[in-house]
Amino acid sequence: MPWRRGRFRPQPAFEQLRPLFDEWNRAVDSGDPEPIDQACEAIRAAVTMTCPDGRQVPEFVLGVKGDQAGFRWHDEPFGDD
């Protein structure tokens with residue numbers, strides 16, 4: 001799952017999501033895996049990622065910090081094993 005990065009230009013609707021990404025950044029800065037996982041789950045519960053062919057991406061990590069965004073994805077859902 002390589003990281004893809006790019007410039008982020010928020011639109012007004014992003015403001016309702018900003019607290020989720022602020023929490024993600026605090027969790028990442030802490031280095032503690034539990035808050036990172038919780039923040040990632042909160043983001044994935046609030047947004048979806050869609051492939052160019054219209055399929056929904058089953059597993060992804062999305063972060064936004066300032067004017068930068070980064071994401072990773074996987075084509076198959078992760079198992080519980």
Side-chain angles (χ1 to χ4, degrees):
M1 288 180 24
W3 279 99
R4 304 293 183 209
R5 299 186 190 280
R7 179 176 294 178
F8 179 70
R9 294 186 182 150
Q11 299 298 304
F14 178 73
E15 289 310 313
Q16 66 187 6
L17 298 171
R18 186 179 299 279
L20 296 174
F21 291 97
D22 290 345
E23 184 59 34
W24 161 257
N25 290 317
R26 282 189 293 273
V28 169
D29 289 345
S30 79
D32 186 345
E34 188 172 330
I36 292 171
D37 289 344
Q38 291 170 349
C40 183
E41 289 299 320
I43 290 169
R44 290 195 332 208
V47 301
T48 59
M49 186 175 283
T50 306
C51 295
D53 66 7
R55 290 178 299 122
Q56 198 168 45
V57 176
E59 298 290 343
F60 67 91
V61 178
L62 173 63
V64 173
K65 188 170 189 176
D67 68 349
Q68 297 293 306
F71 65 94
R72 300 169 69 171
W73 78 96
H74 196 274
D75 288 334
E76 299 293 330
F78 294 141
D80 291 334
D81 328 346

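On a predicted model such as this, the values are computed, not experimentally measured, just so you know.
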Review point. CD/Glu41 to CH2/Trp24 distance, rounded to the nearest 0.5 angstrom?
Key: 10.5 Å
Check your understanding: CD/Gln11 to CG/Leu17 distance, rounded to the nearest 0.5 angstrom?
Key -> 12.5 Å
Review point. Do other residues, nucleotides or ligands put more than 12 heavy atoms under 6.0 Å from the CD atom of Glu34?
Key: no
Check your understanding: Are side-chain heavy atoms of Trp73 and Val61 found at a separation under 4.5 Å?
Key -> no
Practice item. Enter the distance from Ile36:CD1 to Arg26:CZ here, rounded to the nearest 0.5 Å. Key: 13.0 Å
Practice item. Side-chain contact test, heavy atoms from C-beta onward, threshold under 4.5 Å: evaluate it for Arg44 versus Glu59 and give yes or no. Key: yes
Practice item. Kindly compute the distance separating CD (Gln68) from CZ (Arg7), expressed to the nearest 0.5 Å. Key: 7.5 Å
Check your understanding: Can you check whether Leu62 reaches Phe21 side chain to side chain, under 4.5 Å on heavy atoms?
Key -> yes
Exercise for review: Nearest 0.5 Å please: distance from the OG1 atom of Thr48 over to the CZ atom of Phe60.
Suggested key: 6.5 Å
Check your understanding: Minimum heavy-atom separation for Ala27 to Ala39, with atom names?
Key -> CB-CB, 4.3 Å
Practice item. Give the minimum heavy-atom separation between Pro2 and Arg72, together with the two atoms involved. Key: O-CG, 3.6 Å
Practice item. Kindly compute the distance separating NZ (Lys65) from CZ (Arg5), expressed to the nearest 0.5 Å. Key: 10.5 Å
Point to revise | Any donor-acceptor N/O pair, Asp67 side chain to Arg9 backbone, under 3.5 Å | key: no
